[in-house]
Enquirer: 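Okay, here's the structure, questions in a sec.
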Number of protein chains: 2
Amino acid sequence: MTADNRADHRPASPPLTERQEARRRRILNASAQLAARGGFDAVQMREVAEAAGVALGTLYRYFPSKIHLLVATMQDQLQHLHTTLRKRPPAGADPSERVAETLMRTFRALQREPQLADAMVRALTFADRSVSPEVDTVSRLTTAIILDAMGTEHPTPEQLSAVRVIEHTWHSALITWLSGRASIAQVKIDIETVCRLIDLTAPETGDRRA
Amino acid sequence: MTADNRADHRPASPPLTERQEARRRRILNASAQLAARGGFDAVQMREVAEAAGVALGTLYRYFPSKIHLLVATMQDQLQHLHTTLRKRPPAGADPSERVAETLMRTFRALQREPQLADAMVRALTFADRSVSPEVDTVSRLTTAIILDAMGTEHPTPEQLSAVRVIEHTWHSALITWLSGRASIAQVKIDIETVCRLIDLTAPETGDRRA
DNA sequence: ATCAAGTCTGTAACTTGTTCTAGATTAGCG
DNA sequence: CGCTAATCTAGAACAAGTTACAGACTTGAT
């Protein structure tokens, strides 16, 4: 539905052999598993390599840094999530309700593996320019999830800005929760607050207040 | 004006001697200077120690980690900024305009030292629980700046949520700009978009569109 | 002025991300 | 099959954050 679903997270340049695909998968699984145990710090490259049954050099050939690895892990998890969400779309009447519902549902999913969430989100916000393409992919996936929830086919630039702001809020709120500086209730309120922007920027009702 | 201005960023427990205060200052300056040159990576603890004329162990006694150091550096810079902003308050008519203006002014200030901004913001979002108190101080400072711009004396819970969302957007937008994934124009649009929430949550005008 | 407690210095060691290298394996091809 | 290039492995080596420690210096109280 997002136009191109091929190579959504692969470099795609040289098609991987079966064994390589399997290695990649083992690495990603090992990463997620270690992260789920002990968060960002527990994802140690030597351990990932060992758990995946792969030499350190190979790990680095597949993922050029720990940040790349964790961002790829996030891509992977998001992909799952997106699929799941498609199967049971949010039920709210307004777009803003549906988006808030979707995000809170996602949030509850992350709550189940807070350490994994920690590792992925920290990597995402810590990523520097060298990881831009990968981070961008994650961002596009998130945008797709939100637009899906809105049910908007052709968003206006204004709406896209609202979606970006929602994403900003989403990431940042997640971080404050993960680092223990905000409660779940507060995150919920903030998500609902920012989702109001969707009504505000709906094109049908004119610019705003018609 | 924020109720307590003493010990705004000091552990405050044992009052520092003059020489200690000076050491602390040298360290903070060295940190900012190195950061301004090469960003996060250029702030190397050994170099900071040397530049500040202090032993490595001493540096760690003052700031228990690189993240602590950079978050403290951010506190320091924010304090300056807050003072500057107080002298020349924003001129807009609406609270939302004034907040957007203030944030964009801050943004332009950061643009002048993008590497320093990079180091500080990356540290801030990368900080884990052990840095919560310090990060919280930064957050309170930011909140104070925004509330100042709004000119609101007694914000409602709704307004506080809006302010939090603005802060989320601010940090996250800054990151996307610093990592080259968003243009300045886009940041401006997003800031202006999120600032609309302020009008939306103004108590006087009733719920909205009064 | 002197003593005890707390700080600071210089330096080495340890940890974990990252890079490098030499030799073994594998994949694709004639 | 037999060759060549690419890939993989094992392990050493290096970089920067962090910790540890012995000895010198300061501070504050007597």
Enquirer: Name the closest nucleotide to the Ala55(A) side chain, picking from dT18(C), dC8(C), dA10(D).
Expert: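 Of the candidates, dA10(D) comes closest.
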
Enquirer: Would you kindly give the CG-to-P distance between Leu59(B) and dA16(D), to the nearest whole Å?
Expert: 16 Å

Enquirer: Starting at the 5' end of DNA chain D and moving along, which residue's nearest nucleotide shows up first, Gly53(A) or Lys66(B)?
Expert: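 Checking each residue's closest nucleotide, the 5'-ward one belongs to Gly53(A).
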
Enquirer: Using a 4.0 Å heavy-atom cut-off across all strands, classify Val48(B) as base, sugar-phosphate, or nothing.
Expert: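 No contact at all - Val48(B) keeps every heavy atom at 4.0 Å or more from the nucleic acid.
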
Enquirer: Report yes if at least one side-chain N or O of Gln20(B) is closer than 4.0 Å to OP1 or OP2 of dT26(D); otherwise report no.
Expert: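 Negative; the distance criterion is not met.
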
Enquirer: dC8(C), dT18(D), dT16(C): which one has an atom nearest the side-chain heavy atoms of Arg46(A)?
Expert: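 Per side-chain heavy atoms of Arg46(A), the pick is dT16(C).
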
Enquirer: How many whole angstroms separate atom CZ of Arg61(B) from atom P of dA20(D)?
Expert: 14 Å

Enquirer: What is the distance, rounded to the nearest whole Å, between atom CD1 of Ile67(A) and atom P of dT18(C)?
Expert: 8 Å

Enquirer: What is the distance from CG of Asp128(A) to P of dG17(C), rounded to the nearest Å?
Expert: 16 Å

Enquirer: Rounded to the nearest Å, what distance is computed from the CG atom of residue Leu69(B) to the P atom of nucleotide dA16(D)?
Expert: 16 Å

Enquirer: Between dC8(D), dT9(C), dG17(C), spot the one nearest the side chain of Thr58(B), thanks.
Expert: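 Nucleotide nearest to Thr58(B)'s side chain: dT9(C).
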
Enquirer: What is the distance, rounded to the nearest whole Å, between atom CE of Met45(A) and atom C1' of dA16(D)?
Expert: 17 Å

Enquirer: Over all strands shown, is Tyr62(A) touching base, sugar-phosphate only, or nothing at heavy-atom distances under 4.0 angstrom?
Expert: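 The residue Tyr62(A) makes sugar-phosphate contact but no base contact.
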
Enquirer: If you check every side-chain atom of Arg19(B), which of dT18(D), dG28(C), dT26(D) has the closest atom?
Expert: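 Looking only at side-chain atoms, Arg19(B) lies closest to dT26(D).
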
Enquirer: Between Glu50(B) (CD) and dC8(C) (C1'), how many Å, whole number?
Expert: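 It is 16 Å, rounded to the nearest whole Å.
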
Enquirer: Looking only at side-chain N and O atoms, does Ser179(B) offer a donor or acceptor that is under 3.5 Å from a partner on Ser132(A)?
Expert: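 Note: Ser132(A) and Ser179(B) side chains miss the donor-acceptor criterion.
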
Enquirer: Measure from the side-chain heavy atoms of Arg23(A) and tell me the nearest of dT9(D), dT26(D), dA16(D).
Expert: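 Selected nucleotide (nearest to the side chain): dT9(D).
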
Enquirer: By nearest atom, which of the nucleotides dT18(C), dG28(C), dT7(C) is closest to the Tyr60(A) side chain?
Expert: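 Nearest to the side-chain atoms of Tyr60(A), counting from C-beta on, is dT18(C).
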
Enquirer: Does the side chain of Leu70(B) come within less than 4.5 Å of Arg122(B)'s, by heavy atoms?
Expert: no

Enquirer: In whole Å, what is the span from the CD atom of Glu21(A) to the P atom of dC8(D)?
Expert: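 Atom-to-atom, Glu21(A) to dC8(D), this comes out as 12 Å.
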
Enquirer: Report yes or no: do Thr83(B) and His80(B) form a side-chain donor-acceptor pair below 3.5 Å?
Expert: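 No, no side-chain donor-acceptor pair sits under 3.5 Å.
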
Enquirer: State whether Phe40(B) and Lys66(B) meet the cation-pi test: NZ (Lys) or CZ (Arg) under 6.0 Å from the six-membered ring centroid, and within 45° of the perpendicular axis.
Expert: yes

Enquirer: Hydrogens and angles aside, do His168(A) and Arg164(A) bring a side-chain donor and acceptor to less than 3.5 Å of each other?
Expert: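 No pair is found: no donor N or O on one side chain lies under 3.5 Å from an acceptor on the other.
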
Enquirer: Considering only side-chain heavy atoms of Leu56(A), which listed nucleotide, dT16(C), dT19(C), dC8(C), is closest?
Expert: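 Among dT16(C), dT19(C), dC8(C), the one nearest the side chain of Leu56(A) is dT19(C).
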
